Number of protein chains: 2
Amino acid sequence: MTKHQPPESVSRPESDRMRHKKQAKRAAILEAALREFTDNGFADARLSAVARNAGVAKGTLYLYFDSKEKLFEGVVRETLLPSGEEGIISDNPHHLSTEAFRRSMLASVADLQNSGRSGIALVVLTEGRQFPQLVEIYVNAVLEPVLAQIDRLAHSDDTARLDVLRRFPQLLIAPVIAGLLWNRFMTGYPPIDLVDIASAQLALVLGDEAASNTAESNEIMD
Amino acid sequence: MTKHQPPESVSRPESDRMRHKKQAKRAAILEAALREFTDNGFADARLSAVARNAGVAKGTLYLYFDSKEKLFEGVVRETLLPSGEEGIISDNPHHLSTEAFRRSMLASVADLQNSGRSGIALVVLTEGRQFPQLVEIYVNAVLEPVLAQIDRLAHSDDTARLDVLRRFPQLLIAPVIAGLLWNRFMTGYPPIDLVDIASAQLALVLGDEAASNTAESNEIMD
DNA sequence: AGAAAAAATGACCTGCCAGTCATTATATCA
DNA sequence: TGATATAATGACTGGCAGGTCATTTTTTCT
């Protein structure tokens, strides 16, 4: 009765300070979860460890994410997707020139390799069985556009060796995937540089006129 | 006192009939386990389901295998390795001619695709994180010999386009691995024929003089 | 046949961990 | 400052599945 405030606002949600704190906490949780999932995979990831490393109690996790699955989904959505493979994907459905394609693909691969995203990509890849809807998200957001761009490239001018891409657009990304797995499992062997192997495959498929280019661009990237 | 039998044979192990029964039971368990692991992966495989499908009690499993891990190892050892990639591996360390290599590799891939082994290979691939020693077994028994053979090929006569194999012998098997993953996760998309994609990659790396050959050999294989 | 050994059984045990919730701490606002 | 709402906590629980073992069934051997 004493309230002269508008009655419809029964629960005043948040002040600015609070919003920031919650955002920060959410970010901390996601960061800790990214680490935990990357290191241990989904099944062996411990929510207690995520909570500890995020500096919160276990129960707090459930104020931000409904379940372990949703937390994983959150990590994928906010870590893997945002930067995406912009280089290759881009918004414009125009097809790139062969050289432009080569450059943007290598840039994407370099980005993937140097960010923590490759770890999560690998988890999606290896434990995707349990999360069909996650795989679908990833496919729609990343794989499809990449393959579409490859397909566009395959239907451009040079029909010489490009027709193999029309049958198997996956050929261009296969070495990257295999390289990710190699680096994960073949500990004790020298790791594969994803940019180098992607570059080698590009040379095989598109021609190797840029073999020296590649070396240059590598130096620049590192 | 009444025993005039040699005292050292306290436990007479087995008769022929018994050996056969035990062998059959062991085989039934392995078969059911292969199915269960293939369908559900390691983490989600249920030993109770294995027992049920093998027609034995759960406790019986432990008379044949010490643990779930050992059972999985048994499946890998006796299902994945035995037939191996004989074609490519072979015992002789002689390098094959380009054409012989192409043929034996395609035969191996066809064999992998048509047997249940690809399912288990995929499980090793995707859940290998938890079983470094299993990965090691697989690497030593299959991957190493294959890569060695590829390396031998790479150091044979034709140095033209083969030097890329010297840097990345993995390039030849990358499409097969990627194809396995694609067929597992990209349900709803047309599956990739592993022989076809391997053939395409072989054509890229070794030259496509056998493009028509490939089509023929495919028909024969199917 | 029947005693003794080996094999098989499945009810039970146990450790683990995602998820809960009564309690406590912190923020909001009059 | 005190009343109320919102956020955070962490001890606890429920269920699940890998693994055990006292009991029963089958085989072996005289």
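Small disclaimer: the values here were computed from a predicted structure and weren't measured. Chain naming here is simple, since letters A, B, ... match the order of the sequence lines and numbering starts at 1 in each.
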Task: A:K25 side chain near D:dA8 phosphate (N/O to OP1/OP2, under 4.0 Å) - done: yes
- [ ] Calculate the interatomic distance between B:F65 atom CZ and D:dT20 atom P; express it in whole Å.
- [x] 16 Å
TODO: Tell me yes or no: between the side chains of B:Q23 and B:R26, is some donor less than 3.5 Å from an acceptor?
DONE: no
Task: Integer-rounded Å distance: D:dA7 P and A:H20 NE2 - done: 16 Å
- [ ] Looking at every strand, decide which applies to A:A51 at a 4.0 Å heavy-atom threshold: base, sugar-phosphate, or nothing.
- [x] nothing
Open item on the list: Any salt bridge linking A:R35 with A:E31? Criterion: basic side-chain nitrogen under 4.0 Å from a carboxylate oxygen.
Closed with: no
- [ ] Ignoring the backbone of A:T60, work out which of D:dA17, D:dG19, D:dT9 is nearest its side chain.
- [x] D:dT9
Open item on the list: With a cut-off of less than 4.0 Å, is there a side-chain N or O of B:Y64 near OP1 or OP2 of C:dA8?
Closed with: yes
TODO: Hey, which sits more toward the 5' end of DNA chain D by its nearest nucleotide, B:S67 or B:K21?
DONE: B:S67
Open item on the list: What's B:L63 touching, base or sugar-phosphate or nothing? Going by heavy atoms closer than 4.0 Å.
Closed with: base
TODO: May I ask you to check whether B:F131 and B:F42 place their ring centers less than 6.0 Å from one another?
DONE: yes
- [ ] Write down the distance between CZ (B:R19) and P (C:dA6), rounded to a whole number of angstrom.
- [x] 14 Å
Open item on the list: Of the listed nucleotides (D:dG19, C:dA18, D:dT9), which one gets closest to any side-chain atom of A:V56?
Closed with: D:dT9
Task: Salt bridge flag under 4.0 Å for residues A:R129 and B:D44 - done: no
TODO: For B:Q23 and C:dA7, give me the distance from atom CD to atom C1', rounded to whole Å.
DONE: 15 Å
Task: Rounded distance in Å - CZ (A:R52) to C1' (C:dC17) - done: 13 Å
Task: Value in whole Å for how far the C1' atom of D:dA8 lies from CZ of A:R26 - done: 17 Å
Open item on the list: Ignoring hydrogens and geometry beyond distance, is a side-chain donor-acceptor pair present between B:Y189 and A:E144 at under 3.5 Å?
Closed with: yes
Open item on the list: Taking any heavy-atom pair under 4.0 Å as a contact, classify A:A49: base, sugar-phosphate, or nothing.
Closed with: nothing
TODO: State which of D:dT9, D:dA17, C:dG19 makes the closest approach to the side chain of A:K68.
DONE: C:dG19
- [ ] May I ask you to evaluate whether B:K58 reaches the phosphate of C:dT9, defined as a side-chain N or O under 4.0 Å from OP1 or OP2?
- [x] no
- [ ] Take atom CG of B:L47 and atom P of D:dG18, then tell me their distance rounded to the nearest Å.
- [x] 4 Å
Open item on the list: In this structure, how many angstroms lie between the C1' atom of D:dA8 and the NZ atom of A:K22, rounded?
Closed with: 11 Å
